[in-house]
Structures are given as C-alpha cells and as structure tokens.
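Quick caveat, the model's predicted, so the values are computed rather than measured. Just so we're on the same page: letters track the sequence lines, and every chain starts at 1.
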Amino acid sequence: MGDPPPNITVAVPDGSTREVARGSTASDLAASIGKRLAADAVAAEVNGVLVDLGTALAEGDLVRIITGGVDEGRTVIRHSTSHVMAQAVLAVYPGARLAIGPAIEDGFYYDFELPESKRFSDEDLPAIEEKMRAIIAADQPFVREELSVDEGLALFADQPFKREIIAGVATAHGAADPDFAAEAAVGAAAVTTYRNTPEFVDLCRGPHVPTTGRLGHFRLTRVAGSYWHGDERLPQLQRIYGTAWESAPALADYLHRLEEAERRDHRRLGSELDLFHFPPEIGGGLPVFHPKGALVRQLMEDFSLRMHLAHGYEQVWTPHITKSTLYESSGHLSWYAASMYPPMEMEGATYYLKPMNCPMHILIYKDRGRSYRELPLRYFEFGTVYRFERSGVLHGLTRVRCITQDDAHIFCAPDQLAGELRSLLAFVLEVLRAFGLTEFEAELSTRPEKFVGEVAEWDQATEALRSALEAAEIPYVVAEGEGAFYAPKIDVHIRDAIGRRWQLSTLQVDFQLPNRFDLGFIGADNERHRPQMIHRALFGSVERFFAILLEHYAGALPTWLMPIQARVLPVRDANAPYAAAVTSRLAGAGFRVETDEAAEPLGARVRRGKLEKLPYILVVGDDDERDGSVGVNARGAEAVERGVTLEAFLARLSQEVATRGRPEDGAT
RNA sequence: GCCCCCUUAGCUCAGUCGGUAGAGCACAGCCAUGGUAAGGCUGUUGUCGUCGGUUCGAUUCCGACAGGGGGCUCCA
C-alpha cells in the first residue's frame, strides 16, 4: 500500500476521459478543458447529480460542466439570484423572515414575511435591485455547509419558516410536503446551507454558482401576495418575482418575448378586432361576443359539429338549469358544490345552474332500455355550463364563469372501451390539426390514493388510455396518482406559435356515474350489463379555444375563420362600379367580402385593412377595370401582386379556404 | 377571498406641487380622387370610476366601495 496515485481519471460527456490531480474540483476540471468553459461554468453534473463547481471529484466520475446557457445552468443562476435578492431584502428590511425562494420557468421568486406587516409595493423594487447589484459587485462566495438537524434549527432560530422546513413538519393538512422537504434535502441526516457573508446564510440544497459575481443579468418584475404552502389559511407572505439570465442578450430576448406575448394577448386582440368584450354591467368572467366574434365562434362550432356528425356522434341539447335532485344523484352536490352557483327556489323545488352536462346526457341514455347493438352511443353537445370561479382567477376568455363546452359522452360496452379511446384520441388530434395546431404533448393521470371502482377496472382503463397514446404517437408523461377519484384521464396539451403550453382536450373514463345512475344495457347473452362511460371535451371550452387560437395566430386567423376574408378597394370613385362587381362576384361564390369606398386615400384604407389583419386586400383601378384583374395585397406578403385575373384570385381563395390555409402559408 | 398595481373623451394616454382639463386616434362636415400601412381644414365629445371625509375650494390629498390587471407551491 503506497501513496495513492497523484492523478485521477474522470469521464466527460463526449466519451473521452481526462486526468486531473487528485483533490481537483469540477471547477478545476473546467479550467483544464478551456478558459471559455471555465468562465461560463455555473455548476456541474457529477454522475447525473447537479452539484456545485467546488465539489471534489473522485476516480471514475462522469462529469458534465453546466454552463449558464443550458436549462440546468439557468436554473442555478435563477436560484442563486433569488438568494441575492433575499440578502438584499434583509438588508433593506431588517427582521424580514424568509420562506422559500425557488427558480421557476424564466425566473425566480422569493417569499418573505415582513416585520410589522409591511407589504411590498412596486416602488420598493429599485432599492432592492440596487442592493442586489452591490452584492453582485462584491463577488461574494456561496459557501456550502452541512449541518445536523439540531444545528440547523439553532442556526435558523429567528427564521420560523426555515425551521419548519428543517423539521419537515406537517402543514395545516397534517401531511408532510415532499416539495418543501426537498428544498433543503431534509430527510438525509443533515441539512445544507449556503453562506454568502458572515451575516447572510440561507437554508438550501443547492447547487449555486461559485460567487455572486457570476450573476447580474436579472430584473425584478413584480410583487405579489402569496400564502405559506399556497394555503390561504396559513400566513400571507410577500412575494417578489424576478427574471435572471446568463447574459445581457438572453435577458433582452426574454423581455422581448414578454412584449410579443403582450402583443398577442387575446383580450387586446378581442377589442382591437372588435370580437368580444366583458361588460362590467354583466359581471366578471361573462363575455359578450360582437358580430365578428360571434361569427368566428359559429364557424368553429359549425366545423366541429360537422366533424362530430361525420364520426358517429349524435347531437343532443339539454337545459341550463335543473332540479337539485339530479346533482344529488350524480354526486356533484357533494364534491363539486364549491364551483356551483347558489340554488334557486322555484315552486317548492330547488334548482341549480348546471356546472356539467354529463348527468343530462345520462338521462338521455336512460330514457329507454339499451341494447348492445346500439353501442357505442356518442352524444355531443355545445353545452353551456356555469361555474363559480373565484374573482381572482378570472382571466379573459381562458377562465370564465359561463363556459360552452364541446362536450361528448360515450357509452360503450366494456370490451369496446379500448377501441373507443383509441379512435377518440385520433379524432381529437385530427380536429385540432385542422385548426393548425401541430405540437401535442399529453399527460396520463393514473389512480389516486382515494378512488372509486375496482383496481382491476382502473388498470384496464389506464392501459387502454396508454395504448391510445401509443397509437397516436404523441409524446406523453405519466402523472402518477393525479387522476380524479372516479377516473383516469388523458389531458392533451398543445404548444402555440411562441412555444407556450396550453391544456386543451380531456379524455376521461368514469367509474362512478354509470353506477350512481344504475346504467345498463342488454347484451347478446340477454343479461343486463353496465356500460362504460367516457367524458370528453375537445376544445376544452369554445371560449378558451377561441382565446388560444387568437394568441397562437396573433389574431391573423386562417382565412376560413376570418370574419372578413377580402376587402375590395377602388383606387378612386370612378372605379367604384368595378369594385362593386368584384365584391359581388366573390360574395356570390360564398366568400365574406366587402367594399371600402374611395372616401379616403388608398394608403389609409390599406392601412386599416392591415390592422384588421384581413387575409386579402384587393385594390382595383383603371388597369384592372380594363383587364378584368385585381391587385392582390395578401396578408404577410412582402410585395403586392398586380394584374391578377379575378378568376385566378377566386380559385386561389377557394383553395385556401378549402384547405383551411392562411395567405402566409403561400397556399395558392 | 387575500396581496400589489391601475381607473381622466369611444380608444391610447398626458396633466393639474388643491383653483372643475389636454393631445393623438376615432367620430361629423367640407375640401382633396389618391395604385398599396395614417391627405388637409373645421368641429363635437368628459358628472376626471362611485360614495364619503379634509378644505373657502377636490379630478388632484385621505378613506371606503366598484371595475380592471398581475400574483397566491409554474401546476393545469
């Protein structure tokens, strides 16, 4: 046994190995690979675990240097920036208590309890930012320390929230919260802390950048109230949100994306394009649709209905209010009451606005005996439901109190379930693709701790859902235990044009309602059997889907959905009769076209049409009158096209509408 | 519901360190008939969100309320 060799060998992601001196850290390794890498490094991944750059390496480790330019690196930068903010807040408001300060998508936040019930306002942010810049300029180290639980409790004697995390104690619900525990690696024998200065130390599992000097491209964005553990019965905390990036251009890029999202905001587009608004006189979350908005809605619904009818669905219609007994039978009054409007008393009975259509569809099913020969039965309805959403969660058309669901309920024999789910998911994707949505991600939610029905039944249905996902070839993740108590489900999400994720469709198997309503059908064996039931919303809600389409397309909807598809602009009054003839020819062919008389200069009329995002502006002047042509100014086109024959344009428009395309796609 | 911010003409916003208001767009009229993103002139428009308080006087300061926005384990 001599001295150990002076060097150790570690593996790096490109498959090669490198030799470094025994006792070297990840940081040393980065430096040995390259100056640039060392400068950009913020953390390391050793054998798959994210660690500080200061971590000592061991023989045979697989080491990946994490730079600020990758997702894991940005997470480290954001988390470290949140510590800097906490230190700054403590400096500005001595006595503040720290709750948690995680990295989130695009940024970070930190929750505080301020002394004397003080609250943050926007005006506090510049002072905190200034202090943060001083901390960053001081290039303070992040020093990791490991403590026992008792040492941790002593160190954070003045920080009750930190103590609660350390103790891993129960929340008000009486259950330990694994997320909070993970925050400080509680559960291991020790907790870890990161110290920046003799005064400032924070409980944290890390990792962090080596020194605050690595940070600096950040901005504090807003203040908000929050609750400890997100529970409004627990103390209210003061939250500050910020964003942080690896470089100034990355930060600028993010701020630009925010502006882009602002530009696409469906509420803004709704009023700019004269589609809908929310009159305060009617109440929060209750939109009115103007002529153009109602037209777009109708086009969406018409298309959807046609597709459903072509795929074996039957349209049904049900009332908006019902006696309470129906929702007692369904069980909604016991588990959904918080989202229902208060009851109305009429003629000795109690009525409710309907929050869900399913019980009514069930009554249609139950109206007479059913044979296996009829199954599957697929009922479809644009059913308007009313749900009491708390005022604070309302948001434009995406969160309203009166919701038109494109709701379907499928009743099938148990041996039909898998096939139904498979064709149903394929149908859902087909319809969404027709609206130009192409990037899908799904989530499969499985049996929760509390559930109704049989385990075997759940397993079978969950497998059927999984096989539908496999057949549809879309990426999905499994959310273990996230299903509702009565059903496993698939949620389909889409990515929009700027990469945002929206939840749209839900496919849900139901183990509860067929039993509660004692549904049956007579099988080939002349015995009575229980049908299986699938709930399905495709758009989710017409209102929300409308909002998502508007944001996805930034208001420039595909031509088939535009309220006005083309507008004809005579160059001067003398061209008005020809313009009228062009308009009438196009309108006669079934398109939505109008004329804009020469009461204003051409440029002004073109501009107005562009702001309205019209697919086509057709300018007609003397040349066109002579040649039977139009000047075509297509949305998104770089140049106008002169002298296009009217018939050629008509063919192009027909083709584009038939294929549900957009002028931007160059469909001709 | 709770925390922060906002509320001035139809829209976007300025303004008054307390003496009851202004711009652009829109709208109306007239002129201009212009080949592809704002032609000119003239004119109209406001209980300065509501109610209360302080004040000789409040759109401005204070309070309450209403409406809107952001947030309340980034999770849908």
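- The interatomic distance linking Phe649(A) (CZ) with rU36(B) (P) rounds to 19 Å, in whole Å.
- You won't find any donor-acceptor pair under 3.5 Å spanning the side chain of Tyr227(A) and the base of rG71(B), going by distance alone.
- When heavy atoms are screened at a 4.0 angstrom cut-off, Glu443(A) is found touching the sugar-phosphate backbone but no base atom.
- Distance CZ (Phe120(A)) to C1' (rC4(B)): 11 Å, rounded to an integer number of Å.
- Of the two residues near RNA chain B, Arg399(A) and Gly643(A), the one whose nearest nucleotide lies more 5' is Gly643(A).
- Here Arg662(A) does not pair with Glu656(A) in a salt bridge; the nearest charged N to carboxylate O distance is not below 4.0 Å.
- Residues passing the salt bridge (charged side-chain N to carboxylate O under 4.0 Å, His left out) test with Arg78(A): none are found, sequence neighbours excluded.
- When the C1' atom is compared between rA14(B) and rG52(B), the two are found 29 Å apart, to the nearest whole Å.
- Counting distance only, with no hydrogens placed and no angle test, the side-chain atoms of Asp622(A) and the base atoms of rG35(B) include no donor-acceptor pair under 3.5 Å.
- Here, rU45(B) and rA28(B) have their P atoms 16 Å apart, quoted to the whole Å.
- Here Asp624(A) lies in heavy-atom contact (under 4.0 Å) with a base.
- Between Leu220(A) atom CG and rC5(B) atom C1' the separation is 16 Å, expressed in whole Å.
- Checking rU36(B), rG34(B), rU73(B) against every side-chain atom of Arg239(A), the shortest atom distance belongs to rU73(B).
- Stem analysis of RNA chain B (Watson-Crick or G-U pairs, both distances under 3.5 Å, runs of at least three) returns B:1-7 with B:66-72, B:10-13 with B:22-25, B:27-31 with B:39-43, B:49-53 with B:61-65.
- Comparing rC61(B) with rG24(B), their C1' atoms sit 31 Å apart, to the nearest whole Å.
- What separates CG of Asp274(A) from C1' of rC25(B) is a distance of 16 Å, to the nearest Å.
- In terms of position on RNA chain B, the residue among Arg501(A) and Arg119(A) whose nearest nucleotide sits closer to the 5' end is Arg119(A).
- Ion pair Arg119(A)/Asp124(A) not flagged as a salt bridge, since none of the NZ, NE, NH1 or NH2 atoms sits closer than 4.0 Å to an Asp/Glu carboxylate oxygen.
- Checking rG35(B), rU33(B), rC74(B) against every side-chain atom of Tyr241(A), the shortest atom distance belongs to rC74(B).
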Sugar-phosphate or base contact per nucleotide [nucleotides 63-70 of chain B; S, B, -; heavy atom under 4.0 Å]: ----SSSB

Stepwise salt bridge (Lys or Arg N to Asp or Glu O under 4.0 Å) check, Arg585(A) with Glu647(A): CA-CA 10 Å; Arg585(A) 173 83 179 93; Glu647(A) 294 311 309; 3.0 Å; yes

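- In summary, of the residues considered (Arg263(A), Arg267(A), Arg500(A)), a side chain to side chain donor-acceptor pair (under 3.5 Å) with Glu551(A) occurs for Arg500(A) alone.
- Remark: Arg257(A) is not positioned above the aromatic ring of Tyr254(A), lacking an NZ or CZ atom under 6.0 angstrom from the ring centre and at most 45 degrees off the axis.
- With rounding to whole Å, Asp111(A) atom CG is found 11 Å from rC3(B) atom C1'.
- Here the shortest heavy-atom pairing between Tyr194(A) and Pro207(A) reads OH-CA, 3.7 Å.
- On the C1' atoms, rU73(B) is 23 Å away from rG69(B), given to the nearest whole Å.
- A gap of 29 Å separates the C1' atoms of rC4(B) and rA9(B), to the nearest Å.
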Verdict with supporting geometry, Arg495(A) and Glu439(A), salt bridge (Lys or Arg N to Asp or Glu O under 4.0 Å): CA-CA 5 Å; Arg495(A) 294 259 174 202; Glu439(A) 284 189 66; 5.5 Å; no

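- In this structure, the side chains of Val630(A) and Arg642(A) stay at 4.5 Å or more apart for every pair of heavy atoms.
- Phe112(A) places its CZ atom 19 Å from the P atom of rG71(B), with the value rounded to the nearest Å.
- Here Asn575(A) lies out of heavy-atom contact (under 4.0 Å) with every strand.
- In this structure, His395(A) has no ring-ring contact (aromatic ring centres under 6.0 Å, His included) partners at least two apart in sequence or on a different chain.
- Rounded to whole Å, the distance from CD1 on Ile240(A) to P on rC5(B) is 13 Å.
- At a threshold of 4.0 Å, the pair Arg572(A)-Asp622(A) counts as salt-bridged, since one of the basic side-chain nitrogens sits closer than that to a carboxylate oxygen.
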Under 4.0 Å protein heavy-atom contacts per nucleotide of nucleotides 37-50 of chain B, with B for base, S for backbone only and - for none: BBB-----------

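- Taking the ring centre of Tyr241(A) as origin, the terminal cationic atom of Arg222(A) falls inside the region bounded by 6.0 Å and 45° from the ring axis.
- Look at the P atom in both rU12(B) and rG49(B): the space between them is 14 Å, to the nearest Å.
- Distance check on atom P: rU60(B) versus rA21(B) gives 14 Å, rounded to whole Å.
- For the side chain to side chain contact (heavy atoms under 4.5 Å, CB included) criterion with Leu203(A), the lone passing option out of Ile165(A), Ile100(A), Leu98(A) is Ile165(A).
- Taking the P atoms as reference points, rU59(B) lies 15 Å from rC17(B), given to the whole Å.
- Separating the CH2 atom of Trp228(A) from the C1' atom of rU73(B) is a distance of 10 Å, rounded to the nearest angstrom.
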For residues 476-490 of chain A, run the donor-acceptor check on the side chains, cut-off 3.5 Å, and write out each pair with its distance to 0.1 Å, sequence neighbours left out.
{"unit_1": "Tyr476(A)", "atom_1": "OH", "unit_2": "Glu470(A)", "atom_2": "OE2", "d": "2.6"}
{"unit_1": "Glu480(A)", "atom_1": "OE1", "unit_2": "Thr446(A)", "atom_2": "OG1", "d": "3.0"}
{"unit_1": "Lys489(A)", "atom_1": "NZ", "unit_2": "Asp491(A)", "atom_2": "OD2", "d": "3.3"}

